[in-house]
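Working notes, structure below.
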Amino acid sequence: MEHFSTLILLLRDRTIFLEEVRQGKKIESKILSLLVVSSLFFAIYGAIIGSSSGWQQMLVSMAKLPALYLLTLLICLPTLYFFDILFGSKADFRQYAVLSLTTVSVISVLLFSFAPVTLFFLISIRSYHFFLLLNVAIFGLTGFIGVRLFYSGIRSVMNFTEDTPQIRNRLLLFWLTLYGLVGSQLGWTLRPFFGSPGQPFQLFREVEGNFYSQVLHSIFSLLFGN
């Protein structure tokens with residue numbers, strides 16, 4: 001329950017949560033709690049989208065979805081930390097880690113909140129491309145909200161003011177773009193999360209094409225048919 005208490009503090013009393021991060025209070029326990037609860041919510045949502053193609057895909061997607069978000073952070077976080085301290089930040093790596101995990105945790109909670117909607121369309125509409133585009137929209141919306149909260153949170157904790165060098169703000173915006181690009185391409189590399197109709201179960205697919213071309217293909221298929 002302590003892990004969920006940390007999440008509730010983040011969602012309900014965000015100002016207090018960020019102030020504790022600024023002061024370095026209970027950073028390790030916050031990191032552990034956010035890792036646990038976000039992994040749980042991602043696993044639940046992964047199970048739902050994977051169940052569209054059978055129990056094997058459901059089990060694999062339960063593991064893949066948490067891995068996708070945590071690996072994206074693992075890849076991108078060092079870039080933010082080292083560039084930001086190079087241009088004047090005094091925060092330590094643990095503070096960057098917990099702030100990044102707040103983003104992932106918020107996204108996981110929002111995905112969990114969409115779970116009944118996703119389950120409803122999974123049961124009521126048998127269209128692979130519709131289900132794929134629906135989830136692209138859900139992942140895009142939840143990611144946008146999570147990133148926005150991270151942007152305002154890190155500016156608050158790092159005491160961004162008018163005197164803060166502009167390059168730090170530009171660096172932060174660049175990093176957010178990088179985070180989105182790495183996340184979307186890593187998701188493409190780790191696919192399938194949904195499986196494909198008429199195809200046997202696959203743990204991973206051959207790396208070819210990219211995420212964006214598949215989205216365009218699904219839009220054309222949904223609108224005009226194959």
Side-chain angles (χ1 to χ4, degrees), residues 1-51 58-59 61-77 80-81 84 89 91-122 134-135 137-160 172 175-176 179-180 183 187 193:
M1 291 301 293
E2 182 183 345
H3 300 318
F4 288 97
S5 299
T6 302
L7 178 66
I8 295 299
L9 177 64
L10 167 65
L11 298 177
R12 184 175 292 166
D13 299 304
R14 194 159 167 269
T15 304
I16 297 175
F17 184 93
L18 293 176
E19 181 58 31
E20 288 185 358
V21 173
R22 182 187 294 111
Q23 296 175 6
K25 288 184 179 178
K26 300 179 181 177
I27 296 294
E28 288 80 6
S29 66
K30 285 183 173 60
I31 290 174
L32 177 62
S33 295
L34 295 180
L35 271 174
V36 170
V37 294
S38 62
S39 297
L40 176 62
F41 287 142
F42 281 134
I44 293 172
Y45 197 79
I48 291 174
I49 61 176
S51 65
M58 181 182 74
L59 293 177
S61 295
M62 280 181 68
K64 277 187 179 180
L65 199 58
L68 167 62
Y69 282 90
L70 296 178
L71 282 174
T72 302
L73 267 192
L74 196 63
I75 293 170
C76 295
L77 188 56
L80 175 64
Y81 173 66
D84 211 25
S89 173
D92 63 38
F93 188 78
R94 297 172 311 146
Q95 290 170 301
Y96 282 94
V98 73
L99 284 170
S100 303
L101 281 170
T102 62
T103 310
V104 171
S105 299
V106 168
I107 293 172
S108 73
V109 170
L110 293 175
L111 284 177
F112 182 71
S113 73
F114 270 110
V117 177
T118 304
L119 196 56
F120 168 74
F121 283 113
L122 173 64
L134 171 70
N135 276 280
I138 290 174
F139 280 101
L141 176 63
T142 55
F144 177 75
I145 294 173
V147 164
R148 279 206 60 161
L149 291 177
F150 173 75
Y151 178 73
S152 61
I154 197 169
R155 284 174 59 87
S156 171
V157 171
M158 304 298 172
N159 291 318
F160 273 52
L172 182 56
W175 185 83
L176 293 175
Y179 176 79
F193 291 87

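Being a predicted model, the structure only gives us computed values, none of them experimental.
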Checklist entry - Under the side chain to side chain contact (heavy atoms under 4.5 Å, CB included) criterion, do L11 and F17 qualify, and how do the steps go? => result CA-CA 9 Å; L11 298 177; F17 184 93; over 6 Å; no
Checklist entry - If you take all heavy atoms of G50 and S61, which pair is closest and at what distance? => result CA-OG, 3.7 Å
Checklist outcome for this item: The side chain to side chain contact (heavy atoms under 4.5 Å, CB included) partners of D92 (sequence neighbours excluded) come to R94, Q95
Checklist entry - Of F114, F139, F112, Y69, which meets ring-ring contact (aromatic ring centres under 6.0 Å, His included) against Y45? => result F139
Next on the checklist: Centre-to-centre under 6.0 Å for Y96 and W175, is that the case here?
Outcome noted: no
Next on the checklist: Is any side-chain heavy atom of F42 closer than 4.5 Å to one of V104?
Outcome noted: yes
Checklist entry - Does a side-chain heavy-atom distance below 4.5 Å link L71 with L74? => result yes
Item to check | Step-by-step side chain to side chain contact (heavy atoms under 4.5 Å, CB included) determination, T103 to L99 | outcome: CA-CA 7 Å; T103 310; L99 284 170; over 6 Å; no
Checklist entry - Residues two or more places apart in sequence or in another chain: which of them pass side chain to side chain contact (heavy atoms under 4.5 Å, CB included) with R155? => result Y151, F160, N169, L172
Item to check | Stepwise side chain to side chain contact (heavy atoms under 4.5 Å, CB included) check, T6 with L9 | outcome: CA-CA 5 Å; T6 302; L9 177 64; 5.6 Å; no
Item to check | Residues which pass side chain to side chain contact (heavy atoms under 4.5 Å, CB included) with L35, listed by chain and number, not counting sequence neighbours | outcome: I31, L70, L101
Item to check | Sub-4.5 Å side-chain heavy-atom contact between K26 and S33 | outcome: no
Next on the checklist: The test is side-chain hydrogen bond (donor to acceptor under 3.5 Å, both in side chains); show your working for R22 and S156 and say whether it passes.
Outcome noted: CA-CA 9 Å; R22 182 187 294 111; S156 171; 3.2 Å; yes
Checklist entry - Quick one: are Y179 and L73 in side-chain contact, heavy atoms under 4.5 Å? => result yes
Checklist entry - Hey, mind stepping through T102 and L149 against side chain to side chain contact (heavy atoms under 4.5 Å, CB included) and telling me if it holds? => result CA-CA 8 Å; T102 62; L149 291 177; over 6 Å; no
Next on the checklist: With a 4.5 Å cut-off on side-chain heavy atoms, are V109 and V37 touching?
Outcome noted: no
Checklist entry - About how many Å separate CD1 of I48 and CE of M62, when rounded to the nearest 0.5 Å? => result 10.5 Å
Checklist entry - If you draw a 6.0 Å radius around CZ in F144, do more than 12 non-hydrogen atoms from other residues or ligands fall strictly inside? => result no
Checklist entry - If every non-hydrogen atom of M58 is compared with every non-hydrogen atom of A47, which pair is closest and at what distance? => result CG-O, 3.2 Å
